[in-house]
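Some notes on the structure that comes next.
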Amino acid sequence: METEIVKVNHRCVSPEEERKLRRAGEILKAGGLVAFPTETVYGLGGDAMNPQAARKIYTAKGRPSDNPLIIHIGHFEDLFEIVKEVPAAAARLGEVFWPGPLTMILPKAEKVPYETTGGLETVAVRFPSHPVARKLIEYGGGFVAAPSANASGRPSPTSAGHVVEDLSGRIDMIVDGGPVGIGVESTIVDLTEGTPRILRPGYITQEMLEDILGPVDIDVTMMRDDSGQAPKAPGMKYRHYAPAGRLVIVEGEPEEVVAYINAQVLADSRAGERTGILGTKEQFGKYHADVVKCIGSREEEESIARNLFSVLREFDDEKVTRIYSESFPAQGLGQAIMNRLLKAAGHSVVNLRNREE
Ligand code: TXA
Ligand code: MG
């Protein structure tokens, strides 16, 4: 299959681009697959009400079919069509955070196919804010199932180029709306049981949700791998985001971290490894390795979230075999950053504060 790539300026969509988006919508309605930008990461869209389209998504990504898809809507009212009920908490969250990077888990309406929900009685719903996504959803029939548009296991795509790398030749169209703004996937909150619970941290933080709802739990499996429990979001149990090289996160005082990483890199280089370091602007100049990547500034956490996935991909492009990363405080947006980084590292962390001298 040849994958058509169409460019759309997300700030002002011209009449010509409008026509392209209408055509993308027609592809969705006919059961085809279209990758498109959202404010978080690029999504791989298919008609959420068409079981055949959901199957195609799983095949294109190489994704296990028990891993449910998020349904993207273009209007708040459309939520009522795909869920059994809208509890007060969902209505309040929708009012405050939609359109935006928040996904809610609710009991599914009968008409939502099990192919889309991975066989579950619940459905994940998100109303994205990206103008290109919103138009495409409208032209595509109103309900677009879209996982992140990466091949299963790879870091989520934050540019159209990443989607081309992973899915070219496997899907009908890629809408290139430029790089995304947030860079980590939406926050997922489960509203189907007693206390609302975060199943995947994201740009909408626990604190922001608690301001609206009162106490909100976070799935314990998000930041630890020793809980012995399965994560409630099926997708979170899979190895994910991982670069080909072995990644280790190093925690401690900044100067100690620099010294430790440089010493490890030296030993690894002598052993014939190709080394990489993922550092922040504040420490960047002090590192020595084959490839040193600046992920952003600690002063601006948003920059770290935005660059994380593309930097992980760059290490693969550079064929790095050993990677060391600084660690980040797991609060606010840092919770999402550390969750993704820990998964990419397979929870391999060296804590210099706990080490015996
Ligand atoms: O920001 C995002 O959410 C992006 C963009 C494209 O919107 N989408 C995205 O989709 O990250 P995906 O499929 O890569 O991740 C969805 C996650 C998976 O971990 C899946 O297991 C979980 O949501 N999920 C979906 N439906 C669920 C449900 N009914 N119950 C629990 N978890 C669910
Ligand atoms: Mg994903």
Side-chain angles (χ1 to χ4, degrees), residues 33-46 48 54 57-58 60-74 82-84 97-109 112-130 132-134 136-137 144-158 162-163 166-167 175 177 180-193 196-204 219 221-222 230-242 305 309 336 339-340 343-344:
L33 303 187
V34 177
F36 62 98
T38 80
E39 66 277 25
T40 56
V41 300
Y42 271 73
L44 173 58
I57 290 177
Y58 291 114
K61 276 181 64 90
R63 173 175 177 141
S65 60
D66 68 343
N67 188 358
L69 307 174
I70 296 173
I71 301 187
H72 295 63
I73 56 174
I82 51 175
V83 304
K84 214 175 242 161
F97 297 114
W98 276 0
L102 179 72
T103 296
M104 299 192 226
I105 309 286
L106 293 163
K108 87 175 191 71
V112 176
Y114 285 112
E115 282 80 358
T116 299
T117 69
L120 297 177
E121 292 300 334
T122 57
V123 61
V125 190
R126 168 157 127 78
F127 176 5
S129 63
H130 196 291
V132 172
R134 291 178 67 172
L136 181 66
I137 294 164
V144 175
S148 48
N150 52 286
S152 195
R154 292 212 77 199
S156 296
T158 53
H162 295 160
V163 183
D166 284 15
L167 298 178
V175 178
V180 301
I182 292 178
V184 290
E185 308 87 339
S186 62
T187 306
I188 302 181
V189 60
D190 181 7
L191 299 172
T192 62
E193 287 173 58
R197 189 192 309 166
I198 295 172
L199 306 187
R200 179 176 72 184
Y203 188 79
I204 306 294
D219 188 338
T221 63
M222 284 308 97
K232 175 113 194 265
M236 300 305 280
K237 71 175 178 259
Y238 297 107
R239 186 180 145 86
H240 213 183
Y241 314 124
F309 290 145
N339 165 257
R340 306 310 191 273
K343 280 180 77 80

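Order of listing sets the numbers, starting from 1, for every ligand and every atom in it.
For Ala146, every heavy-atom contact with ligand 1 shorter than 4.0 Å involves the backbone, none the side chain.
Contact between Arg200 and ligand 1 is present, with at least one heavy atom of the residue lying under 4.0 Å from the ligand. The shell of residues lying under 4.0 angstrom from ligand 1, judged by heavy atoms, includes Asn67.
If you check each of Pro234, Pro37, Pro64, Pro68 against atom 27 (C) of ligand 1, the one with the closest non-hydrogen atom is Pro68. Between the choices Gly118, Gly45, Pro147, Ala35, the shortest heavy-atom distance to atom 10 (O) of ligand 1 belongs to Pro147. The heavy atom nearest to atom 16 (C) of ligand 1, considering only Ile70, Ile71, Val125, Leu44, is found in Ile70. Heavy-atom proximity to atom 13 (O) of ligand 1, evaluated over Lys61, Lys232, Arg63, is greatest for Arg63.
The distance from ligand 1 to the heavy atoms of Ile188 drops below 4.0 Å at these ligand atoms: 17 (C), 22 (C), 23 (O).
Classification of Asp166 and Arg154 as a salt-bridged pair holds, one side-chain N sitting under 4.0 Å from a carboxylate O.
You'll find the side chain of Glu185 stays beyond 4.5 Å of the side chain of Tyr203, heavy atoms only.
Nearest protein heavy-atom neighbour of atom 9 (C) of ligand 1: Ser148 N, 3.6 Å.
No donor-acceptor contact under 3.5 angstrom links the side chains of Thr103 and Arg200, judged on distance only.
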